[in-house]
Amino acid sequence: MGLPVVRDFYKVRAMSKFRIFSSLILMFTSFGVVSAKPDQPTNVIYILADDLGKGDLGCYGQKKLKTPNIDRLALEGMKFSSHYSGNTVCSPSRAVLMTGQHPGHVHCRGNGQEPTLALDPKMVTLPRIFKNAGYATGAFGKWGLGHTNEAGPQNPMTHGFDHFSGWKSQMIAHTYYPTSIVRDGKEMPLESGTFIHDLIMEDAFSFIKSSVKQKKPFFCYIPTAVPHAAMHAPKELHDKWRKVYPEFDGRIGKYGAGPGEPCPDVKNPIAGYAAMMENFDNQIGELLGLVTKLGIDENTLILFTSDNGTHREGGHDPNFWDSNGPLRGIKRDLYEGGINAPFLALWPSQIKPGSKSDHISAFWDVVATMADLTDQPTPKQSDGISFLPTLTGTEQKKHDYLYFEHPQTKDHDKAVRLGKWKGVLRGWKKWKNRTGNIELFDLSKDPGESKNLADSHPEIVSKIKKIMEEAHTPLVKK
């Protein structure tokens, strides 16, 4: 890793790895600007929203709903324009995040039966990297890779998490009023009407406080269910937004969460969506206040993203909210609106406020990045490239391409990001207009993927077709 760029004479952004610290002192002592070496490794908080469209955040153009605390991550940190989720639906996206394998290699290619989603315990997955580096590790929210109350590979604690708090299963995470919560593998009953999301966030905050008290670096993974599924929110906020949008009181949002699990209908899901987002944004504000109060803000990296694009479930109306902004497609599409995710990074000791990056990256880069950050070897199965250099302002290695596929069917969709080019093959039998032909878009001029240039650039199409064939590994059935 090379020497960092000095961004101003009042703050030198300290490197997360301290091999060059003495050199920095020699270089900058005369300016009196070198901060003290941190006492412990960098803490990491990774916040994963669920079905949050890029256009749902103020910092990416949302006009009807304010998200000031999430926007602070962009204002005071770095905003990415070309970061991609692991897939266009929940479980495979999370599997990519945990393993560092791209969508054509990972074991999970689509949402399905819980046992088939489980991670391989033999792999060094994301939490295990931190565990091996001496970190306290905790996950709080929707796991999405199996039942969290069962022992074995479905359980997040099998893979390196010290603590877990959240829903019992992915299906039950469709409701915010479940009958139980799972904490550290144990299922505990909840009183009827308990809004589980707030409990989970409280558990995450308690984990951070406990880790700091014990003077341990920590990895806090917060895969919230917001804003997916039922548009449930605290009553006072829902009532507030019903007054803002009373014209939608005639709409009823319906969703299901599995047998025996209450999932109340929502009157005015437009108001429900706004309320759940305001509540979540307020909690991000609490989180930022907490790390500052604990005195760890300078040495904590906070990452914020979404597992895929916006959705139409539970009464959510992405057209009303312009949830995908200028992008084409939503959840379950491999157009940009389904996979080009919001991505924000806040690291006060390292990232210049208001930074922007067009580096092309994806969920499968997170494992490599965190291995780089913690001085751990990158796991053998990883397909990723560390984007730590982008965060620290040094020379960044780039991908030859990004590859996507969905779903777990014979004739699945595929997509390739190749520099400015994007190739999309709509092969899923669900689509009425699947032709078996690759569509080609120039994202530098057409981020909305409106003009198919395949006929005028056959050489690019041929290259993308070859990548699609080579990047796909047949799925081994369990």
Side-chain angles (χ1 to χ4, degrees), residues 1 4 7 11-19 21 35 37-49 59 69-80 83 97 100 126-127 129-140 204-205 207-209 211-212 216-223 284-285 287-306 341-357 359 361-363 365-376 378 384-394 396:
M1 186 175 292
R7 296 186 171 96
K11 278 189 178 181
V12 170
R13 308 293 177 181
M15 298 295 290
S16 63
K17 294 183 176 182
F18 308 119
R19 304 185 187 110
F21 189 79
S35 59
K37 178 179 177 180
D39 293 330
Q40 56 179 261
T42 303
N43 306 303
V44 177
I45 301 173
Y46 189 98
I47 305 164
L48 181 66
C59 57
N69 294 298
I70 297 173
D71 293 347
R72 274 184 59 192
L73 302 177
L75 183 66
E76 300 175 14
M78 181 177 289
K79 181 174 75 170
F80 287 70
H83 186 73
L97 177 66
L126 181 60
I129 289 171
F130 286 99
K131 189 69 175 172
N132 291 346
Y135 280 59
T137 56
F140 304 90
F205 295 163
F207 167 76
I208 292 172
K209 293 175 186 177
S211 299
V212 173
K216 289 198 69 172
F218 63 83
F219 170 51
C220 182
Y221 174 47
I222 306 178
I284 299 302
L287 175 64
L288 294 173
L290 176 63
V291 296
T292 299
K293 181 179 179 180
L294 293 173
I296 59 171
D297 52 316
E298 290 290 316
N299 196 40
T300 298
L301 170 62
I302 300 177
L303 301 171
F304 181 100
T305 189
S306 176
F343 188 45
L344 308 172
L346 177 65
W347 193 2
S349 68
Q350 188 63 60
I351 297 174
K352 180 180 178 180
S355 300
K356 296 180 181 180
S357 175
H359 172 60
S361 57
F363 273 26
D365 293 327
V366 175
V367 160
T369 302
M370 295 304 128
D372 195 7
L373 178 75
T374 58
D375 286 316
Q376 294 293 306
T378 300
I385 295 173
S386 171
F387 54 75
L388 185 63
T390 292
L391 301 179
T392 58
T394 57
Q396 175 68 59

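The shown structure was predicted, so the numbers you read here are calculated from the model rather than taken from an experiment.
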List the atom of K79, the atom of A74, and the distance in Å for their closest heavy-atom pair.
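Looks like CB-CB, 4.2 Å.
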Can a donor-acceptor pair be found, under 3.5 Å and without considering hydrogens, that links the side chain of [X] to the backbone of [Y]?
| X | Y | answer |
| --- | --- | --- |
| K131 | A136 | no |
| N299 | P41 | yes |
| Y221 | V44 | no |
| D365 | I385 | yes |
| T305 | P342 | yes |
| S355 | I351 | no |
| D372 | S386 | no |

Roughly how far apart are [X] [atom1] and [Y] [atom2], rounded to 0.5 Å?
| X | Y | atom1 | atom2 | result |
| --- | --- | --- | --- | --- |
| L344 | I47 | CG | CD1 | 9.5 Å |
| K352 | M78 | NZ | CE | 10.5 Å |
| I284 | I222 | CD1 | CD1 | 6.5 Å |
| F304 | N69 | CZ | CG | 11.0 Å |
| L391 | L301 | CG | CG | 6.0 Å |
| T300 | L294 | OG1 | CG | 8.5 Å |

Trace of the side-chain contact (heavy atoms from CB on, under 4.5 Å) decision for L303 with M370
CA-CA 12 Å; L303 301 171; M370 295 304 128; 3.8 Å; yes
Could you check whether any side-chain heavy atom of I208 comes within less than 4.5 Å of a side-chain heavy atom of N43, counting everything from C-beta outward?
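They are not in contact (no side-chain heavy atoms under 4.5 Å apart), so the answer is no.
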Could you go through T137 and F218, starting from their C-alpha distance and side-chain angles, then the distance that decides it, and tell me whether this counts as side-chain contact (heavy atoms from CB on, under 4.5 Å)?
CA-CA 6 Å; T137 56; F218 63 83; over 6 Å; no
Check the pair L288, I302 against side-chain contact (heavy atoms from CB on, under 4.5 Å), reporting the backbone distance first and the verdict last.
CA-CA 9 Å; L288 294 173; I302 300 177; 3.7 Å; yes
Does a donor on one side chain and an acceptor on the other come within less than 3.5 Å for T390 and Q396?
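Per modelled atom types, T390 and Q396 side chains form a pair under 3.5 Å.
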F387/F343 aromatic ring centres below 6.0 Å:
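Ring centres of F343 and F387 closer than 6.0 Å.
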Validation row, ring centre F219 to ring centre Y46 under 6.0 Å:
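Between F219 and Y46, the centre distance exceeds or equals 6.0 Å.
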Intermediate values then yes/no, ring-ring contact (aromatic ring centres under 6.0 Å, His included), F207 and F140:
CA-CA 10 Å; F207 167 76; F140 304 90; 5.4 Å; yes
